[in-house]
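In what follows, a structure is listed as structure tokens, so that the remarks can point back to it.
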Amino acid sequence: MHRWSRLFIPTLREAPADAVVASHQILVRAGYIRQLGAGIYNYLFLGTRSINKIVAIVREEMDKIGQEFYLPALNPAEIWQESGRWTGMGENMFRLKDRKGADLCLGMTHEEVMTSIARDEVRSYKQLPQIWYQIQTKFRDEPRPKSGLLRVRQFTMKDSYSFDIDEAGLDVSYRLHDEAYRRIFTRCGLEFVAVEADSGAMGGSQSQEFMVYTEAGEDLIASSPDGKYAANIEKATALLAVVEDLPDAELEEVHTPGQRTIEEVGAFLKTQPHHQVKTMAMMAVWPDGKAKSVVAFLRGDHQLNETKLASLVGGAELRPMQPEEIASIFNAPAGYLGPIGLKQSDKLMIVLDKALEGRRNLIAGANKEEFHLRNVTPGVHFNDFVVADVRTVTEGEPDPIGGQPLRIGKAVEIGHIFKLGYKYTESMGARVLDQNGKEVMPIMGCYGIGIERILTSAMELSAAKKGLTDRGDLQYALPPSIAPFEVVITVTKQNDASLAEAGEKIARDLEAAGFDVLLDDRDQSAGVKFKDADLIGVPYRVNIGKKLAEGKVELVDRLSDTVTEHGVGDVVAQLKSAFQK
RNA sequence: CGGGGCGUAGCGCAGCCUGGUAGCGCAUCUGCUUUGGGAGCAGAGGGCCGGGGGUUCGAAUCCCUCCGCCCCGACCA
């Protein structure tokens with residue numbers, strides 16, 4: 001049993017000025033962590049306890065589908081050179097030299113190490129499939145560590161890797177992870193959504209991120225209320241309500257001096273933004289310096305989605321065109337750009353957003369300074385374009401599956417599952433013999449979970465739900481499965497022997513019943529003890545105080561904020577039923 | 001890497017502009033009184049004022065420089 005009087009739980013009355021997001025303030029104030037450097041934290045007693053509980057859940061679920069390894073964080077450069085990531089990872093990799101001058105790095109992920117094991121040891125299809133995982137410290141030299149434990153340079157990750165003989169096998173490994181992750185996050189008490197993710201530069205075929213909605217997050221995601229559709233905003237699509245076009249009429253040039261923006265033109269011509277064409281003139285630039293002009297036409301009230309457009313162009317970086325670049329393609333300056341008269345070439349790509357397909361009688365720039373055109377119809381007045389979805393969905397638009405209003409919000413990524421393909425087995429030369437004795441490459445998947453992010457998102461979720469006290473203090477409670485303790489027993493007057501003894505007894509009984517108990521036996525005022533108990537986020541509290549004379553104690557459920565009275569002998573049974581122990 | 005801010009006791013801050021022996025609140029320690037929502041009184045300890053250099057009789061304060069940390073952006077398989 002843990003007695004608070006003997007523990008190191010350095011709670012603070014005020015949060016350090018550095019801490020901005022709720023979880024960071026809580027972690028420091030409650031004595032879970034202390035900072036050692038930018039993005040580097042000491043995990044103290046409470047922090048370690050919570051992390052260990054999360055790790056235990058992850059391990060239990062992962063053991064159902066895979067085998068645990070423990071691989072070195074210190075890696076020789078060679079394997080990273082083989083995969084091409086020694087240079088590919090760039091500045092984000094911590095690098096060092098040993099005494100002989102050989103290059104080493106600290107692992108940011110373990111595809112290379114895992115693949116090297118598979119390459120050296122796995123010879124036959126009979127040994128496949130394999131799912132290997134580890135729970136390990138990762139190092140990433142983030143350009144900007146921030147938000148406490150949300151973005152750090154050293155953190156704990158559960159990473160697993162699957163090796164299969166073919167894509168059907170990979171599908172199974174992927175699905176096993178999907179299911180295991182849902183069990184893990186559910187057991188950790190999180191509300192999460194699984195979103196379709198952009199597979200990005202990894203070039204894999206399928207990828208899903210597990211996200212928790214919170215203002216502290218760095219990604220934007222869209223999801224439907226029934227949970228059937230969810231996607232990163234970089235990929236999300238939506239059904240659009242049918243909009244009525246303006247009545248048919250002849251193409252007509254109108255003088256629009258000084259009217260450049262969608263709003264100005266709309267007001268000037270007394271039309272709605274959705275009757276207009278927005279022209280986005282962009283330059284796509286590749287790492288090797290190659291560049292291509294990309295002009296995208298969108299509905300006036302829509303926003304360009306740069307990620308969608310970038311992946312359409314083929315993984316280049318996008319930036320707005322400079323005025324000279326605009327002048328080289330159009331006959332007018334920004335504000336009067338339009339679709340008519342442009343021709344695609346290997347220097348210019350023209351994209352019509354899907355939302356404009358089939359629309360008629362639109363208003364667009366005339367490619368002539370101070371003029372716009374009325375009654376422009378794609379496919380009639382201009383033809384040279386590719387149609388693609390390159391717009392960003394907005395809050396409330398109907399989701400593409402059930403047509404329900406999309407919710408868009410910031411979110412934290414707590415896990416990611418990814419069909420990797422052959423990238424590493426190919427570059428590192430992993431081969432096995434198939435049934436026909438033919439050499440084939442195993443196909444891989446990789447799957448990650450950010451352990452600390454489970455704790456921080458649980459704190460963020462609860463803090464957001466409970467809101468601030470009247471005095472502006474944060475309030476929260478952790479899910480019992482990941483709280484450092486399940487129950488705290490608050491002896492309101494420690495120097496009253498009957499209260500102290502009752503506390504000891506209930507603590508012993510709870511422990512015997514399998515609970516993780518913290519007995520607050522400090523000689524402090526009741527107020528201090530209550531505040532501290534709240535601060536460390538323990539979900540249940542037993543108050544031992546005045547009512548003990550009547551044989552009663554209070555049980556505070558901090559998840560629902562309810563207080564109930566129980567006989568001294570009944571409180572254990574009460575908690576057992578609450579926990580289903 | 002671009003922009004902004006900050007570094008003074010464990011935490012939160014004042015002092016700096018206008019140079020003259022470093023302060024407040026909380027926390028800590030001792031004693032007494034207290035004890036249902038961060039108690040009261042009395043006393044005490046705790047500082048390379050981020051580092052280095054300079055100006056000056058004298059620097060937390062002015063100047064130069066380096067370092068660290070935070071925020072916004074870029075970046076983030």
Side-chain angles (χ1 to χ4, degrees), chain A residues 8 10-21 24-25 28-31 34-41 80 83-85 87-93 107-112 138 140-148 150-153 155 157 159 161 197-204 207 209 217-219 234 306-307 315 317-319 412-413 416-421 423-424 444-448 450 469-471 473 475 490-496 499-500 520 522-535 541-548 553-554 556 558 563:
Chain A
F8 182 64
T11 58
L12 300 174
R13 192 179 286 239
E14 290 169 285
D18 288 353
V20 176
V21 301
H24 188 191
Q25 295 183 11
V28 176
R29 278 195 63 199
R34 285 294 185 264
Q35 183 170 29
L36 187 60
I40 309 173
Y41 287 88
W80 291 82
S83 72
R85 290 162 108 194
T87 47
M89 277 300 189
E91 302 254 273
N92 258 22
M93 186 150 73
M108 1 195 342
T109 173
H110 280 72
E111 281 84 1
E112 279 80 359
K138 304 289 190 218
R140 295 185 186 179
D141 194 0
E142 291 287 344
R144 183 143 103 81
K146 62 176 207 174
S147 304
L150 275 172
R151 180 165 292 283
V152 288
R153 296 197 291 176
F155 60 99
M157 185 174 183
D159 51 320
Y161 306 86
D198 186 53
S199 13
M202 296 291 288
S207 166
E209 291 167 341
E218 297 178 296
D219 287 292
E234 294 174 349
E306 285 196 26
T307 308
E317 295 257 312
L318 288 175
R319 61 164 175 80
V412 165
E413 179 183 350
H416 196 165
I417 58 177
F418 196 91
K419 289 185 180 172
L420 252 187
K423 176 171 169 151
Y424 297 92
M444 284 179 72
C446 70
Y447 319 87
T469 63
D470 300 341
R471 294 179 39 212
D473 269 346
Q475 294 178 286
T490 302
V491 178
T492 57
K493 210 181 277 194
Q494 185 63 29
N495 59 11
D496 181 328
L499 298 190
D520 192 350
R522 295 174 300 166
D523 188 14
Q524 290 281 353
S525 70
V528 170
K529 292 186 168 196
F530 292 147
K531 291 284 187 196
D532 271 347
D534 291 351
L535 191 51
R541 186 172 83 224
V542 177
N543 292 339
I544 301 182
K546 288 171 189 153
K547 300 213 179 83
L548 186 69
V553 296
E554 282 168 350
V556 181
R558 297 211 49 250
V563 183

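The chains referred to below are lettered A, B, ... by the order of the sequence lines, with proteins before strands, and numbering in each begins at 1.
- Rounded to whole Å, the separation between the C1' atoms of B:U65 and B:C70 comes to 22 Å.
- Residues satisfying the side chain to side chain contact (heavy atoms under 4.5 Å, CB included) criterion with A:D18, sequence neighbours excluded, are A:Q35.
- One distance of note links CD of A:E554 with OG1 of A:T492; it measures 9.0 Å at 0.5 Å rounding.
- The base of B:C76 lies close enough to the side chain of A:R151 for a donor and an acceptor atom to sit less than 3.5 Å apart.
- Atom P of nucleotide B:G37 and atom CG of A:D532 are separated by 15 Å, given to the nearest angstrom.
- Using modelled atom types and a 3.5 Å distance limit, the side chains of A:R85 and A:Y424 yield a donor-acceptor pair.
- If you measure from atom CD of A:E142 to atom C1' of B:A74, you get 13 Å, rounded to the nearest angstrom.
- For A:N543, whose side chain is taken as the heavy atoms from C-beta onward, the closest listed nucleotide among B:G36, B:C72, B:G38 is B:G36.
- Remark: P of B:A39 and NZ of A:K529 are 13 Å apart, rounded to the nearest angstrom.
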Contacts under 3.5 Å, N or O only, protein and nucleotides 45-51 of chain B:
none

Review item, nucleotides 28-30 of chain B N/O atoms under 3.5 Å of protein N/O:
none

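- Computed from coordinates, the A:F8 CZ to B:A27 C1' distance equals 13 Å when rounded to whole Å.
- At a threshold of 4.0 angstrom between heavy atoms, the contacts of A:G37 are confined to the sugar-phosphate backbone, with no base atom among them.
- As rounded to the nearest Å, B:G68 and B:U30 have P atoms that lie 39 Å from one another.
- Taking the C1' atoms as reference points, B:U55 lies 36 Å from B:G25, given to the whole Å.
- Taking CH2 of A:W80 as the reference point, atom CE of A:M89 lies at 5.0 Å (rounded to 0.5 Å).
- A:R153 CZ to A:E142 CD: the interatomic distance, rounded to the nearest 0.5 Å, is 9.5 Å.
- Contacts of A:M157 with the nucleic acid, taken as non-hydrogen atoms under 4.0 Å apart, include base atoms.
- By the side chain to side chain contact (heavy atoms under 4.5 Å, CB included) test, A:K531 pairs with A:R471, sequence neighbours left out.
- Two residues, A:H24 and A:E413, neighbour RNA chain B, and the one matched to the more 5' nucleotide by heavy-atom proximity is A:H24.
- What separates CG of A:D523 from C1' of B:A39 is a distance of 13 Å, to the nearest Å.
- In this structure, A:T469 reaches neither bases nor backbone, as no heavy-atom distance under 4.0 Å exists between it and the strands shown.
- In this structure, CG in A:D534 is found 8.5 Å from OG1 in A:T490, a value given to the nearest 0.5 Å.
- The distance from atom CD of A:E209 to atom P of B:C76 is 13 Å, rounded to the nearest whole Å.
- With rounding to the nearest 0.5 angstrom, the CG atom of A:D159 is 12.5 Å from the CE atom of A:M108.
- Summarising the base pairing, B:U28 is matched to B:A44 through a Watson-Crick or G-U wobble pair whose two defining distances lie under 3.5 Å.
- The existence of a salt bridge linking A:D520 and A:R541 is excluded, since no basic side-chain nitrogen approaches an acidic carboxylate oxygen closer than 4.0 Å.
- Across all strands shown, B:G68 is found opposite B:C6 as a Watson-Crick or G-U wobble partner, with both distances under 3.5 Å.
- Here A:V20 lies in heavy-atom contact (under 4.0 Å) with sugar-phosphate atoms only.
- Of the N and O atoms on the side chains of A:Q475 and A:T469, not one donor lies less than 3.5 Å from an acceptor on the other residue.
- When both distances must be under 3.5 Å, the Watson-Crick or G-U wobble mate of B:C17 does not exist.
- Judged by closest nucleotide on RNA chain B, A:F530 is the one of A:G148 and A:F530 placed further toward the 5' end.
- For the C1' atoms, the distance from B:G12 to B:A59 is 26 Å, rounded to whole Å.
- Between the base of B:U35 and the side chain of A:N495 there is a donor-acceptor pair shorter than 3.5 Å.
- Residue A:S525 places at least one side-chain N or O closer than 4.0 Å to OP1 or OP2 of B:A39.
- On the P atoms, B:G45 is 16 Å away from B:C29, given to the nearest whole Å.
- Residue A:R13 places at least one side-chain N or O closer than 4.0 Å to OP1 or OP2 of B:A27.
- Closest contact between the side chain of A:A38 and the listed nucleotides B:C69, B:G38, B:C76 involves B:C69.
- Pair check for B:U35 finds none; no Watson-Crick or G-U wobble contact set falls under 3.5 Å.
- Using a 4.0 Å heavy-atom criterion, one finds that A:Q35 contacts the sugar-phosphate atoms exclusively.
- A search for side chain to side chain contact (heavy atoms under 4.5 Å, CB included) contacts involving A:K146 returns A:R144, A:R151, A:E218, not counting sequence neighbours.
- Note: NZ (A:K531) to P (B:C26) measures 17 Å, nearest angstrom.
- Using a 4.0 Å heavy-atom distance criterion, A:R541 is classed as a base contact.
- B:C76 is unpaired under the criterion used here, namely a Watson-Crick or G-U wobble arrangement in which both key atom distances are under 3.5 Å.
- In this structure, NZ on A:K493 lies 12.0 Å from CG on A:L548, to the nearest 0.5 angstrom.
- B:U61 is unpaired under the criterion used here, namely a Watson-Crick or G-U wobble arrangement in which both key atom distances are under 3.5 Å.
- Across the P atoms, B:G40 and B:U34 are found 15 Å apart, a figure rounded to whole Å.
- A:R522 approaches A:D532 most closely through the heavy-atom pair NH1-OD2, 3.0 Å.
- Spacing between B:A60 and B:C6 at atom C1', rounded to whole Å, works out to 15 Å.
- Rounded to whole Å, atom P of B:G37 lies 12 Å from atom NZ of A:K493.
- Taking atom P on both B:A22 and B:C75, the two are 49 Å apart, rounded to the nearest angstrom.
- Of the candidates A:K423, A:E112, A:E111, A:E112 is the only one forming a side-chain contact (heavy atoms from CB on, under 4.5 Å) with A:S83.
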Base versus backbone protein contacts along nucleotides 2-12 of chain B [heavy-atom cut-off under 4.0 Å; B, S, -]
---------SS
Evaluation steps, side chain to side chain contact (heavy atoms under 4.5 Å, CB included), between A:Y41 and A:V152
CA-CA 8 Å; A:Y41 287 88; A:V152 288; 4.0 Å; yes
